[in-house]
Structures are given as structure tokens and as C-alpha cells.
Amino acid sequence: MKLVQEELSDQELVRLEKWKKIQERGIEVFPHRAEKTHSVFEVVRDFLHLSKEELEEKNYQVKVPGRILAIRKMGRATFFHIADFRDRVQVYLREDVVGKENYELFDLFDIGDIILVEGRLFRTRTGELTILAEKFSFLAKSFHPLPEKWHGLQDVELRYRKRYLDLIMNPESGETFRIRSQIVAKIRQFFDERGFIEVETPMMQVIPGGALARPFKTFHNALGIDLYLRIAPELYLKRLVVGGMEKVYEINRNFRNEGVDSQHNPEFTMLEFYQAYIDYNQLMDLTEELFLYLAREIHGKEELQYGDQVISLKRPWKRLKFREAVLQYSGLAPARFDDEKNIIEFASTLTPDKKPLTYGKALDVIFDKLVKEKIVQPTFIINPPKDISPLAKSDRENPSEAARFELIIAGMEIANAFSELTDPFEQRQRFEEQAAMRKTGDEESHLVDLDYVEALEYGLPPTGGEGIGIDRLTMIFANKKSIREVILFPLLKPR
RNA sequence: GGCCCGUUAGCUCAAUAGGUAGAGCAGCGGACUCUUAAUCCGCGGGUUGAAGGUUCGAGUCCUUCACGGGUCACCA
């Protein structure tokens, strides 16, 4: 028998030796199932509130599986803790209860092994809820030593590469992913209650659309065609609104072939939802409701602690025109703001690698570099330039602006929403403008999707649509500064 | 991709000025029947991320590479 790791430490050799001894005794190390009465979590949940006397009187018998985390041996008695994903409970093992032979058998168990403990519940002298073991058996042997009990697993790289170790050793990591799970569950509940239908649309697309980003490319052998991993579900979801799904949402992965940093992972999870007959102003109300609902359900309050900031979700949130936001936070004089050439030049100094070519793009760059990071409290940034919003309606009052908002919280763009462009002629023209930009070398311009335009030709009702990044949302709700902390297996280079 | 920082025992971390690589936890042996970072006595454990270089001598200085973190660029 060989372990994956070729050079074994003395500790691993010892564990292999123990495993051999166990087998020699004919004891099953990897059984098919465990007859349990409670999980560790359930033991704590159901019995922690009971007094010493109540436990004595009722004599609760339990069979509980768990991973051994810490062993304290004192001659003919041993204490250890077993844990599941959510909790831990102490076990007390006595030679006079299990017998000498069984007691010595426990020497073959190590920290990290998964064990089934059968016994009755009591409280120790210090009051800790404990299982007095009467029987115990292997559920799985662990052949590698676990990280240190006190500091846990600190190495960031190891935590991501071997997330299971992170989850075993660092309870706060498990808590983060429980919050993430709650967020997704509560979002579904929120939209389901409002009559939305949840759908799944293609992850592999012939024309990747719905966002301005570079896609991953792949190939389908049988059809002999190039396919792209989707950068957004947007165009498919709006086809469904054309088809009569007036309230529709999808929670699923998007893929963008871009760099990796504390706010970006190449695959990330997006909520997109569309509701017919409303515009982006009504989406702002809905967004406030959603976030408040999540905060109350998950944290039981309307504020979130994020780093040393407190983010208040109390309504109404600030609504700031894109133009005002740039003026206010960038320090540009209004006269200069309106000087398009000057703005393009100024923005070019901020992104020397990729000079913005249009006024709208230049403003967007200034917003990204100078403005966004300064906005901490939830703020709707309304009416950004039209030419960076090829799928949005124009604003009624100012046609060079889009009927759109971006939601900024803690310096991060959390949501993006607009009144969907429903006019097929204008949509086609916008696509063609994007295609022209692509010809000048802008790889992130939107591709022309005539199949989508044709769908619009059948009639898309007035529709409000919004995308919310689930990973970033989780960062805010779980107080994490890196997106890798809220993705179980973030992309890392192979070792 | 650029710049900065990091990589030492299974894990968490030390190692003055370049001079024999250490500790705690974990492990092994012993004592111990209410411990809980158990305690007490003893023992083993290292190609210092990889490769090259400078030097009498390199964990430490230099070069290249790998991986990670931060930051900038690109993006959501």
C-alpha cells in the first residue's frame, strides 16, 4: 500500500504501522456505513442546555460519528474531542467501562481519525457536556498528521489547495461558507416568493455576450465548432422574457479570461434577474429590499461589520449621478469634466497600458481609479455614459447617459442594473458601434448577436435587469477582504 | 505582465554581524481514572522551495526559476 506522497515522515510511517496492526486484529478500518443516532452538531444542539441532573436522570444513549481532534490521555482514562463540520463534543473513555482490551485498542487511533462513539451523555466536574464512551469503532483512518491544534492551518496557499484541512482546522472558514450557502438559499427564497422562476441558460455559447469581457474559448469535437464559456447569461435571460417569463432569475457561474486578484476569480458566481414592466428605478427599491432581507435573515440586523467599517443597509441608500460622483470624488473642475478631449487624455495617464478611446470609457476609467474606492456605504451610481452600456436604454433626459445604475459597497462594484434596451433597431446599431470599436483593437467590445436582435424583433416588453456578484456579496456579509476566502477552490497554478 | 514581500521539522514560528539549524504543538517511550493549549520525565524528527554562484564557511549575500501574498496594470 502506498500513499500519494512518496517521502513519508516518521509520523506517517507510524500511522501506516497502526493501520497494519488494526488489520491484523481483523478490525474493519473503512466500513460501509455508520449507525448513528446524532451528529456532533445535533448532540450539542439537543443536549447542551440540559443540566447535569437531567442528563443523569434521563441517561441519554447516543451514537455519534466525528473526527478526533485532540486527545488527552491520563493513564487508564482518556479525554478527547470529536468534531463535525459545525461543532465539537468531548468524549470520556475509561478502562473500567470499555475493558482493558478495548482501552488499549484506542492506542491505534490517532488525531484525525474518524470514529463512531457510542455511550451516554453526562457532564464533567467542570460542567462540559461529554459522552461517556461504552463502545467505539473506526469509520476511517487518517494517514497524515493534522495541522497544529492551537494555531490551525495558517499557510494561505495550503488553505486554498487543501481546503478540507482548512475546514477541519479553522472553524471560521466553515462559518464563511455557511454564510455563503445562506445567502444563496435566501436569495432563492426572496425571488421565489415574488413569483420569479429560476432557470439555467447555456454556459457554452457560440457568441459570448451580455458583458464587456474576454471569454475562455473551447472546442466541440462532434459539431466541429468553437464555443466560448459564457461571460454572462444576460442575452439568454432576456430571450426568456421575450418568451413570456416575466420574472426570471439565474444563479450560476460566469467565466472571464482576466487576471486574478483579491476581487477577481476567473470563474465567479452571478445572480441575474429580470422583471418585465419595471425600470431601473424600481430595481433600486428591489435591491434595497433584497439586501435588507438577507442581512436580517442571516445576521439578524441591518448593519454589516466590514473590516473597521460599519456598513449600514438602512433605507434609503444614497443615489448619486455618475457625473456627480466623478466630480465629487475625483476633484475635477466641472469645466474640465465637459472637455472631452482633456478627459480622455487625463484618463490615459491613469491606464497607460490601455488608453481609453471614447469620452464614456475615459469617465469610466476615472470612476474606477479615483472614485469607486472612496464609496463605502451602499450607493447607487446612476446614469453612467451610454457607450459603456450597449445593452441599456438611454436616459430620457440625457440621451448620452444610460438608464442604469451600479451599486457600490465597500469600494466594490456589487451590482449592475439597467432598463433593458428593447428597441431592436437601436440594439443592432449599438452592436455595430461595438463591432467598430473591436476593429480598433478593443477586445472587450460586445460582439454582434443578430440572433438576439431577432428575438427583440418579436417584442421584449419594458424590462428591468440586474446582476449581483455573489462572491463579493459574500465578502461583505462574511467580512472577508479577498474573494479567495469565499470561493472554496479558487483558481491557483498547479504545483 | 511590472514592482515589493514570503517559502526553515507534519503544523505554528525562531536563528544576533556569514560561523555546529532551535522551540512549541504533533509523534514515539514511560508515569498518571474529571482532563480540556492536561501535566511530569525521556527520545527521535531537517537536501532551510529548486538550481547555480561568491566565500575557508551560506538558512543568511548574488543570479535564475517555481509557487504564494500584497500592489499596480486588465476586469466584475
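Hydrogens, waters and symmetry mates are skipped; everything else that's a heavy atom, side chains included, is used. Chain identifiers are assigned alphabetically (A, B, ...) following the order of the sequence lines, protein sequences preceding nucleic acid strands; residue numbering begins at 1 within each chain.
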Inset, instruction - Run the ring-centre check on Phe106(A) versus Phe80(A) and record whether the distance is less than 6.0 Å. - result: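 When the ring centroids of Phe106(A) and Phe80(A) are compared, they turn out to be within the sub-6.0 Å range.
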
Counting the atoms with a prime plus P, OP1 and OP2 as sugar-phosphate, which does [X] contact under 4.0 Å by heavy atoms, base, sugar-phosphate, or nothing?
| X | value |
| --- | --- |
| Leu146(A) | nothing |
| Phe122(A) | base |
| Leu492(A) | sugar-phosphate |
| Glu12(A) | nothing |
| Gly467(A) | nothing |
| Gly259(A) | base |
| Arg161(A) | sugar-phosphate |
| Tyr160(A) | sugar-phosphate |
| Asp471(A) | nothing |

[N] versus [M] - spacing of their [atom1] atoms, nearest Å:
| N | M | atom1 | value |
| --- | --- | --- | --- |
| U47(B) | G22(B) | P | 15 Å |
| U48(B) | A31(B) | P | 38 Å |
| C13(B) | A21(B) | C1' | 14 Å |

Inset, instruction - May I have all residue pairs that pass salt bridge (Lys or Arg N to Asp or Glu O under 4.0 Å) and include part of residues 69-97 of chain A, sequence neighbours excluded? - result: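 Residue pairs passing salt bridge (Lys or Arg N to Asp or Glu O under 4.0 Å), neighbours aside: Lys73(A)-Asp107(A), Arg76(A)-Glu95(A), Arg94(A)-Asp96(A).
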
Inset, instruction - Among residues two or more places apart or on two chains, list those pairs meeting salt bridge (Lys or Arg N to Asp or Glu O under 4.0 Å) that have a residue in residues 257-274 of chain A. - result: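 Pairs touching residues 257-274 of chain A that pass the test: Arg253(A)-Glu267(A).
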
Legend entry - Along RNA chain B (nearest heavy atom to each residue), the more 5'-positioned of Leu158(A) and Glu128(A):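 Its nearest nucleotide being more 5', the pick is Leu158(A).
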
Inset, instruction - Please tell me which of Pro147(A) and Val260(A) maps to the more 5' nucleotide of RNA chain B, matching each residue to the nucleotide holding its nearest heavy atom. - result: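 It is Pro147(A) whose nearest nucleotide is closer to the 5' end.
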
Taking salt bridge (charged side-chain N to carboxylate O under 4.0 Å, His left out) as the test, write out the residues that go with [X], two or more places apart.
| X | value |
| --- | --- |
| Asp308(A) | none |
| Arg180(A) | Asp471(A) |
| Glu250(A) | Arg230(A) |
| Arg323(A) | Asp338(A) |

Inset, instruction - Could you tell me which residues satisfy side-chain contact (heavy atoms from CB on, under 4.5 Å) with Glu401(A), sequence neighbours excluded, listed by chain and number? - result: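 So Glu401(A) forms a side-chain contact (heavy atoms from CB on, under 4.5 Å) with Lys321(A), Asn383(A), Asp395(A), Asn398(A).
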
Legend entry - Contacts of Ala415(A) that satisfy side-chain contact (heavy atoms from CB on, under 4.5 Å) - sequence neighbours left out: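 If we apply the side-chain contact (heavy atoms from CB on, under 4.5 Å) test to Ala415(A), skipping adjacent residues, the hits are Leu407(A), Glu466(A), Ile468(A).
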
Options [options], nucleotide nearest the side-chain atoms of [X]:
| X | options | value |
| --- | --- | --- |
| Glu157(A) | A76(B), C67(B), U12(B) | C67(B) |
| Tyr92(A) | G70(B), U33(B), G69(B) | U33(B) |
| Lys369(A) | C67(B), C74(B), U12(B) | C74(B) |
| Asp155(A) | C67(B), U12(B), U35(B) | U12(B) |
| Leu212(A) | C74(B), A76(B), C67(B) | A76(B) |

Using 4.0 Å as the upper bound for N to carboxylate O, is an ion pair formed by [Y] and [X]?
| X | Y | result |
| --- | --- | --- |
| Glu444(A) | Arg256(A) | no |
| Arg472(A) | Glu413(A) | no |
| Lys20(A) | Glu17(A) | yes |

Which atoms of nucleotides 28-31 of chain B (N or O only) lie under 3.5 Å from a protein N or O atom, and what are those distances?
residue	atom	partner	partner atom	Å
C28(B)	OP1	Lys18(A)	NZ	2.7

Inset, instruction - Using the test ring pair (Phe, Tyr, Trp, His ring centres under 6.0 Å), find all partners of Phe177(A) that sit at least two apart in sequence or belong to another chain. - result: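 With sequence neighbours excluded, Phe177(A) shows a ring pair (Phe, Tyr, Trp, His ring centres under 6.0 Å) to no residue whatsoever.
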
Inset, instruction - Kindly say whether, by distance alone, the side chain of Arg72(A) makes a donor-acceptor pair under 3.5 Å with the base of U35(B)? - result: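 Such a pair exists between side chain and base.
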
Can you pull every protein N or O that's under 3.5 Å from an N or O on nucleotides 42-47 of chain B?
residue	atom	partner	partner atom	Å
G44(B)	N2	Asp10(A)	OD2	2.5

Could you pull out the protein-nucleic contacts involving nucleotides 23-25 of chain B (nitrogen or oxygen on both sides, under 3.5 Å)?
residue	atom	partner	partner atom	Å
C25(B)	O3'	Lys149(A)	NZ	3.4

Legend entry - Under-4.0 Å side-chain N/O to phosphate OP1/OP2 contact, Arg484(A) with G69(B):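 Affirmative; the distance criterion is met.
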
